[in-house]
A.B. asks: 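Once you've had a glance at the structure underneath, I'll fire off some questions.
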Amino acid sequence: MALIELRGVDFSYNEMEAPALKNINLTVEAGEFVSIIGGNGSGKSTLAKLLNVLLVPSAGEVIIDGMNTADEENWLKIRQKIGMVFQNPDNQLVATRVEDDVAFGPENLGIPSPEIRKRVDKALEAVGMERFKDYPPHNLSGGQKQRVAIAGIIAMEPECIVLDEPTAMLDPQGRKEVMETIHFLNKEKGITIIHITHFMEETVGADRIIVMNQGSIHKTGSPLEIFREIDDLKKLGLDVPLVVEMAHELRKKGIKIPDILSINELVDSLCS
Amino acid sequence: MLIELKNVSHIYADDFQGTEALKNINLKIRDHEFIGLVGHTGSGKSTLVQLLNGLIKPSSGSVIIDGVNITEEKTGLLGIRRKIGLVFQYPEHQLFEETVFGDVAFGPRNLGLSEEEVEVRVRESLELVGLDYEEFKDRSPFNLSGGQQRKVAIAGVLAMKPEVLILDEPSAGLDPQGRQQLISLLEYLYNKKGMTIILVSHRMEEIAHLANRVIVMSEGEIIFDDNPAKVFSEVERIRELGLDLPEITEILWRLNRKGLKVRTDIFSLAEAVEEISRELRGSEIC
């Protein structure tokens with residue numbers, strides 16, 4: 001059974017306006033790392049909010065680990081399975097000390113204190129923030145705050161984390177920290193990751209990319225498959241990583257370059 | 001219009017550790033420059049930008065704009081803010097009017113312009129940012145997409161007809177198309193409207209592409225102040241400062257280190273592709 005399954009999902013915020021999502025069919029298996037790209041208004045964030053029942057579909061079904069999000073009795077369990085991280089780290093931190101912030105979620109689940117202690121330590125270690133457990137969150141950098149927000153989610157022991165543009169407000173260093181953290185969680189902890197982003201270069205390490213356009217899934221495929229179709233993406237107002245485009249242009253000049261996704265691969269293929 | 005900072009230092013009043021957010025900055029910004037201002041979070045960029053527009057006054061030193069020392073007690077700041085427009089980070093968070101028209105008109109109305117003139121300015125500014133006046137003027141800004149809201153906020157600043165435009169991370173959170181539109185707008189304002197532009201951005205490729213002068217800050221000081229080619233040739237130092245290189249520079253630089261002797265002072269994709277293929281044809285070994 002798939003961890004996440006969407007069957008014929010429509011969603012409208014407002015009956016007067018065009019639906020935000022139209023007939024979405026999608027399956028995500030446990031352990032996958034999925035990136036979602038699409039222009040502003042393509043439906044990415046709406047899709048994310050359907051996964052942990054911040055929204056319920058207008059038509060169709062969202063099934064999380066066998067549980068239908070239409071059934072209110074499932075909501076708490078689903079929200080434990082699917083954690084969400086948003087764009088602005090400042091809006092997600094509530095406590096005056098880092099470790100209190102991370103403990104906030106498990107405390108609300110009514111978990112006994114010794115267990116919370118263990119979870120908080122483990123979660124902070126997983127995001128590399130254990131040294132900061134006594135810090136006030138507002139003294140941290142953007143990347144560190146975002147990692148604390150992720151630790152707060154991990155402490156709930158979710159099977160999947162949905163991140164909606166988690167790096168949009170961060171500087172390059174912060175972006176790198178967050179990307180390394182979520183890849184670590186996926187590979188080492190087996191947490192399923194659904195990562196929404198406008199940074200094309202952040203998606204090259206994903207197992208699968210979903211391209212959204214005007215409320216529909218335009219296509220899905222591996223990064224290599226998706227970024228091979230440069231013109232198609234540009235038509236949707238999207239882009240490909242610069243290094244992929246450079247390789248594409250060099251090929252047009254008759255230079256033989258295999259499929260590449262990173263600067264390292266490009267440099268190696270040109271200098272071998 | 002000349003902007004000049006003389007021996008400017010700043011410590012925030014609520015910083016009990018007394019960290020200098022700016023340390024003895026001397027800087028001249030002349031008419032029709034396009035300045036890229038870069039630095040790690042906490043490097044002093046935002047403090048500098050707020051000084052330029054009179055939002056904060058420095059702890060010491062002077063800020064002279066168009067011959068007027070704005071750090072003196074009695075100087076009125078309204079005139080300065082009219083000349084120097086500041087687009088904050090996430091400016092759409094400051095939209096507040098019921099209609100797009102009302103929001104963009106807010107500044108011009110405060111200038112005491114006639115309603116006819118206000119309308120002309122709102123129309124012009126909305127068209128500049130690529131929003132159709134008739135289609136958008138009566139809509140609520142809160143029902144627009146994030147990218148459209150950003151445009152309305154920028155139009156509000158442009159409606160003041162500033163001579164200098166300062167933008168703090170204006171492309172953060174925009175999709176690739178929105179980013180491209182913003183870059184085109186800045187090019188237009190600089191080339192066709194003759195504005196002076198100061199762009200704060202973490203996206204080095206934007207800076208390298210647009211700016212003719214790059215100022216790199218770290219820990220309250222100016223580390224580099226030169227043209228993009230010079231600044232981005234300081235590869236090791238830029239990295240030490242925790243900054244990225246423009247991706248094209250990074251690629252060319254790595255190729256160079258592997259023995260492919262390409263130039264590294266190129267910032268456009270087409271030119272870089274030309275340079276690499278030329279060099280590859282020339283040398284068999286790499």
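We name chains A, B, ... by the order of the sequence lines, and we start the count at 1 in each one.
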A.B. asks: If I measure from the heavy atoms of chain B, does A/Glu165 come under 4.5 Å with its side chain, its backbone, both, or neither?
C.D. replies: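 Interface part for A/Glu165: side chain.
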A.B. asks: What residue, out of B/Glu169, B/Glu250, B/Glu274, B/Arg203, has the most heavy-atom pairs lying under 4.5 Å from chain A?
C.D. replies: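 Result: the option with the highest number of such pairs is B/Arg203.
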A.B. asks: Below 4.5 Å from any heavy atom of chain B, which atoms of A/Leu266 appear? Answer side chain, backbone, both or neither.
C.D. replies: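 Contact with chain B is through the side chain of A/Leu266 alone.
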A.B. asks: One thing to verify: whether A/Lys145 and A/Asp90 come together as a salt bridge, which I'm taking to mean a side-chain N less than 4.0 angstrom from a carboxylate O.
C.D. replies: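 Yes, charged N to carboxylate O under 4.0 Å.
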A.B. asks: Starting at CE of B/Met217, measure out to CG of B/Asp225 and round the result to the nearest 0.5 Å.
C.D. replies: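 Taking CE in B/Met217 and CG in B/Asp225, the distance rounds to 10.5 Å.
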A.B. asks: Output the residues of residues 136-155 of chain B for which the shortest heavy-atom distance to chain A is under 4.5 Å, in residue-number order; output 'none' if no such residue exists.
C.D. replies: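 Listed by number, there are no contacting residues, so the answer is none.
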A.B. asks: Using non-hydrogen atoms and a 4.5 Å limit, figure out which bit of B/Ile248 sits close to chain A: side chain, backbone, both or neither.
C.D. replies: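 For B/Ile248, heavy atoms of backbone and side chain both lie under 4.5 Å from chain A.
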A.B. asks: Under 4.5 Å heavy-atom distance to chain B, tell me which part of A/Leu170 shows up: side chain, backbone, both or neither.
C.D. replies: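 Looking at A/Leu170, just its backbone touches chain B.
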A.B. asks: Below 4.0 angstrom, N of the basic side chain to O of the carboxylate: do A/Arg228 and A/Glu225 qualify?
C.D. replies: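 So A/Arg228 does not pair with A/Glu225 through a salt bridge.
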A.B. asks: Taking A/Asp239, A/Val243, A/Leu242 one by one, which has the highest count of heavy-atom pairs under 4.5 Å against chain B?
C.D. replies: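 Sorted descending by pairs with chain B, the first entry is A/Leu242.
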A.B. asks: Listed by chain and number, what are the side chain to side chain contact (heavy atoms under 4.5 Å, CB included) partners of A/His183, not counting sequence neighbours?
C.D. replies: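 Expected list: A/Phe33, A/Met179, A/Lys187.
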A.B. asks: Nearest 0.5 angstrom please: B/Gln89 CD to B/Gln94 CD, how far?
C.D. replies: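 Going from CD on B/Gln89 over to CD on B/Gln94, the span is 11.0 Å.
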A.B. asks: Can you tell which part of A/Asn264 gets under 4.5 Å to a heavy atom of chain B, answering side chain, backbone, both or neither?
C.D. replies: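 Contact with chain B involves both backbone and side-chain atoms of A/Asn264.
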A.B. asks: Which is it for B/Leu241 and B/Arg237 under the side-chain contact (heavy atoms from CB on, under 4.5 Å) test, yes or no, and what are the steps along the way?
C.D. replies: CA-CA 6 Å; B/Leu241 295 171; B/Arg237 197 74 182 92; 3.9 Å; yes
A.B. asks: Measure the CD-CG distance between A/Glu229 and A/Leu238 for me, rounded to the nearest 0.5 Å.
C.D. replies: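 Reported value, rounded in 0.5 Å steps: 13.5 Å.
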A.B. asks: Walk me through whether A/His218 and A/Lys235 qualify under side-chain contact (heavy atoms from CB on, under 4.5 Å).
C.D. replies: CA-CA 12 Å; A/His218 178 70; A/Lys235 253 183 248 151; over 6 Å; no
A.B. asks: Which atoms of B/Arg179 are under 4.5 Å from chain A, going by heavy atoms: the side chain, the backbone, both sets, or neither?
C.D. replies: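 Just the side chain, heavy atoms under 4.5 Å.
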A.B. asks: Please round to the nearest 0.5 Å and tell me the distance separating atom CD of A/Gln146 and atom CD of A/Gln87.
C.D. replies: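 Nearest 0.5 Å value for the CD-CD distance: 9.0 Å.
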A.B. asks: Given heavy-atom pairs under 4.5 angstrom as the criterion, report whether the side chain, backbone, both or neither of A/Ile255 touches chain B.
C.D. replies: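 When you check distances to chain B, only side chain atoms of A/Ile255 fall under 4.5 Å.
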A.B. asks: So A/Phe11 and A/Tyr13, would you call those rings parallel, tilted or perpendicular, with 30° and 60° as cut-offs?
C.D. replies: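 A/Phe11 vs A/Tyr13 ring planes: perpendicular.
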